[in-house]
Student: 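What follows is a structure written as structure tokens; I'll ask about it next.
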Number of protein chains: 2
Amino acid sequence: MDGKPYIAQRPKRADGRRNYDAILAAARKAFETSGADASLEDIASQAGVAIGTLYRHFPTRASLVEAATRDGLENLVAHAQRLAAGPDPLDALTEWMREAVVHFSTFRGLVGILTRSMYDEGTPSHAMCAAMHRSGADLLHAAQAAGRVRPDLTPEELFDLLSGAAWVREQAASGRDSSPRFLQLVLEGITTRED
Amino acid sequence: MDGKPYIAQRPKRADGRRNYDAILAAARKAFETSGADASLEDIASQAGVAIGTLYRHFPTRASLVEAATRDGLENLVAHAQRLAAGPDPLDALTEWMREAVVHFSTFRGLVGILTRSMYDEGTPSHAMCAAMHRSGADLLHAAQAAGRVRPDLTPEELFDLLSGAAWVREQAASGRDSSPRFLQLVLEGITTRED
DNA sequence: CCATCAAGCTGAGGCTACCTCAGGATAATT
DNA sequence: AATTATCCTGAGGTAGCCTCAGCTTGATGG
């Protein structure tokens with residue numbers, strides 16, 4: 001019924017690529033200062049481009065957000081695989097969660113978009129989110145297999161906790177960041193106790 | 001510098017009260033189905049009232065949200081005082097947190113508004129949020145005094161955890177609610193272990 | 001019952017942002 | 001140089017926000 005979500009692609013023509021890049025740069029800046037609902041017309045004019053051009057490359061706001069966050073999330077997935085090769089599965093998991101929280105809260109409104117994308121296939125960010133889900137689940141299972149994390153914790157629950165931390169971080173835009181402590185409390189809560 | 005935030009008041013004239021009530025009812029319904037950014041013009045027309053009338057009673061969106069959630073939060077504070085008189089401080093705290101999560105996530109966008117209000121005095125909801133903060137802090141301190149909750153947990157951190165749970169609940173609008181499990185994990189994490 | 005008037009109501013209108021589309025421009029290709 | 005698919009533009013329709021000048025009406029005192 002519903003076609004696949006549109007995923008923005010860097011155009012082949014030189015002028016197209018130039019504008020595509022300029023829009024993406026302007027969008028990243030605008031999202032960081034004004035959140036995910038920044039004005040698209042501002043972004044276009046900041047990129048020195050007409051509004052129609054923005055819509056040509058990014059027909060929906062979601063497709064623009066996806067393109068603006070793609071690289072960061074790709075790195076996150078790659079880092080998960082590197083961490084999985086390390087010696088301590090719990091360290092790997094905690095380190096990854098710390099990093100994930102930062103990427104999830106790059107700008108106000110992103111956590112909500114990503115958590116919605118995680119289970120909604122009709123969304124541009126879904127593919128990337130699903131990849132992250134797998135990465136996180138792998139790290140979790142390894143930590144559980146090593147007996148370091150309570151075995152009844154599901155990946156979905158882990159992402160709930162992670163999203164909560166990221167959301168808290170998002171809110172504290174102009175204050176100090178309380179997400180490290182949030183994550184610490186959560187992690188101490190889900191690890192197995194053996195002292 | 002900045003004057004006190006405007007707090008909506010039920011008017012004295014009969015026609016004013018009628019409209020005030022109708023707007024509040026329409027607003028509650030609209031917020032629940034469309035979130036905190038529901039169209040004010042829709043709310044007005046749903047209440048059978050011109051847009052100017054809505055703005056007369058509720059000059060800002062925040063003042064309307066405050067009025068729409070006032071009762072629920074008042075009850076929450078009252079319930080905290082009742083619970084504080086109970087025998088088990090930990091039970092009281094967990095029960096109250098469960099209830100708070102529900103009230104905080106009455107509609108999409110509310111948690112964000114309330115957590116911002118909690119520390120921002122220029123906000124209509126601030127007074128009510130500060131009262132809740134006291135209620136929660138009291139219950140927390142009692143549970144800590146009884147040695148049931150880790151003593152290094154601050155009220156602010158408690159509210160971060162609580163808000164995280166409420167936010168997760170908010171997101172899962174049309175799915176099953178994962179906040180009870182979230183809260184369970186958090187609570188098991190912050191209680192002292194003595195088994 | 002009436003006069004008075006503060007309180008309340010209305011909706012047009014200016015503003016901003018979203019998004020579309022018909023017509024024009026241009027990079028790539030042959 | 002000609003062709004053409006790709007790309008660009010910006011006016012314009014739609015929707016929501018919010019204000020304000022002018023009108024209406026409930027409450028009050030006589």
Side-chain angles (χ1 to χ4, degrees), chain A residues 3 5-27 29-31 33-68 107-109 113 122-124, chain B residues 3 5-27 29-31 33-68 107-109 113 122-124:
Chain A
Y6 180 87
I7 306 282
Q9 263 184 308
R10 202 145 173 278
K12 294 176 200 129
R13 258 173 64 166
D15 54 347
R17 266 198 311 269
R18 215 171 333 138
N19 288 336
Y20 181 95
D21 292 342
I23 293 167
L24 223 40
K29 192 171 302 183
F31 287 154
T33 63
S34 312
D37 52 358
S39 159
L40 297 181
E41 308 207 296
D42 276 3
I43 291 174
S45 90
Q46 203 61 34
V49 144
I51 182 65
T53 301
L54 185 149
Y55 276 97
R56 168 168 191 84
H57 295 298
F58 309 99
T60 65
R61 183 181 292 273
S63 70
L64 179 54
V65 168
E66 188 276 335
F107 48 82
R108 197 168 41 73
I113 293 172
T123 276
Chain B
Y6 181 86
I7 305 283
Q9 262 182 307
R10 201 146 174 277
K12 289 167 205 143
R13 260 174 62 165
D15 55 346
R17 268 197 310 268
R18 217 173 337 161
N19 288 336
Y20 181 95
D21 293 342
I23 292 167
L24 264 188
K29 192 173 300 185
F31 287 154
T33 64
S34 312
D37 52 357
S39 159
L40 297 181
E41 307 208 297
D42 277 1
I43 291 174
S45 89
Q46 203 62 33
V49 142
I51 183 66
T53 301
L54 186 149
Y55 277 97
R56 168 168 190 83
H57 294 298
F58 309 99
T60 65
R61 181 180 293 271
S63 70
L64 180 54
V65 168
E66 189 275 336
F107 49 81
R108 196 167 43 71
I113 292 172
T123 277

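Computed from a predicted structure; not experimentally measured. All chains are named by letter (A, B, ...) in the order of the sequence lines, taking the proteins before the strands, and each is independently numbered beginning at 1.
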Student: Could you go through the salt bridge (charged side-chain N to carboxylate O under 4.0 Å, His left out) check for A/Arg10 and A/Asp21 one step at a time?
Tutor: CA-CA 8 Å; A/Arg10 202 145 173 278; A/Asp21 292 342; 2.8 Å; yes
Student: Could one point to a donor on the side chain of B/Arg13 or the base of C/dA7 with an acceptor on the other under 3.5 Å away?
Tutor: yes
Student: Return the nearest nucleotide to the side chain of B/Arg61; candidates are D/dC17, C/dC19, C/dG11.
Tutor: D/dC17
Student: Nearest of C/dC18, D/dG10, C/dA12 to any side-chain atom of B/Ile51?
Tutor: C/dA12
Student: Taking the six-membered ring for Trp, are B/Phe58 and B/Tyr20 ring centroids under 6.0 Å apart?
Tutor: yes
Student: Give a yes/no on whether any side-chain N or O of A/Arg56 is located under 4.0 angstrom from OP1 or OP2 of D/dC7.
Tutor: yes
Student: Quick one: is B/His57 getting a side-chain N or O under 4.0 Å of the C/dA7 phosphate, OP1 or OP2?
Tutor: no
Student: Tell me the interatomic distance from A/Tyr6, atom OH, to C/dC19, atom C1', rounded to whole angstroms.
Tutor: 16 Å
Student: Establish, with yes or no, whether the OP1 or OP2 oxygen of D/dA15 is under 4.0 angstrom from a side-chain nitrogen or oxygen of B/Ser39.
Tutor: no
Student: Whole angstroms only, please: what is the CG-P distance between A/Asp42 and C/dT16?
Tutor: 11 Å
Student: Rounded to whole angstrom units, what separation is found between the OH atom of A/Tyr55 and the C1' atom of D/dG13?
Tutor: 14 Å
Student: Taking the nucleotide of DNA chain D with the closest heavy atom to each, which residue, B/Asp15 or B/Thr60, is nearer the 5' end?
Tutor: B/Thr60
Student: Select base, sugar-phosphate, or nothing to describe what A/Gly16 touches, counting heavy atoms under 4.0 Å on all strands.
Tutor: sugar-phosphate
Student: Would you say B/Thr53 places a side-chain N or O within less than 4.0 Å of OP1 or OP2 belonging to C/dT10?
Tutor: yes
Student: To the nearest Å, give me how far apart CG (A/Asp37) and C1' (D/dG16) are.
Tutor: 14 Å
Student: Please figure out whether B/Pro11 or B/Gly52 has its closest DNA chain C nucleotide nearer the 5' end.
Tutor: B/Pro11
Student: So does A/Ala36 get a backbone contact from the side chain of A/Arg108, meaning a donor-acceptor N/O pair under 3.5 Å?
Tutor: no
Student: Between A/Ala8 and A/Ser63, what is the shortest heavy-atom contact and its length?
Tutor: CB-O, 4.4 Å
Student: Side-chain contact, heavy-atom cut-off 4.5 Å: A/Val65 with A/Phe31?
Tutor: yes
Student: What contact category does A/Ala44 fall into here, base, sugar-phosphate, or nothing, at under 4.0 angstrom with non-hydrogen atoms?
Tutor: nothing
Student: Rounded to whole angstrom units, what separation is found between the CD atom of B/Glu41 and the P atom of C/dG14?
Tutor: 16 Å
Student: Just checking B/Pro59: base, sugar-phosphate only, or nothing, at a heavy-atom cut-off of under 4.0 Å?
Tutor: nothing
Student: Starting the side chain at C-beta, find the nucleotide from D/dG26, C/dT10, D/dA5 nearest to B/Ala50.
Tutor: C/dT10
Student: Round to a whole Å and report the spacing from CZ of B/Arg18 to P of D/dT25.
Tutor: 11 Å
Student: Output the rounded distance in Å from CD (B/Gln9) to P (C/dG8).
Tutor: 10 Å
Student: Using a 3.5 Å distance criterion without hydrogens, assess whether the side chain of B/Thr33 forms a donor-acceptor pair with backbone atoms of B/Ala30.
Tutor: yes
Student: Given C/dA28, D/dG26, C/dC19, identify the nucleotide with an atom nearest to the side chain of A/Ala14.
Tutor: C/dA28
Student: Rounded to the nearest Å, what distance is computed from the CZ atom of residue A/Arg10 to the P atom of nucleotide D/dT6?
Tutor: 18 Å
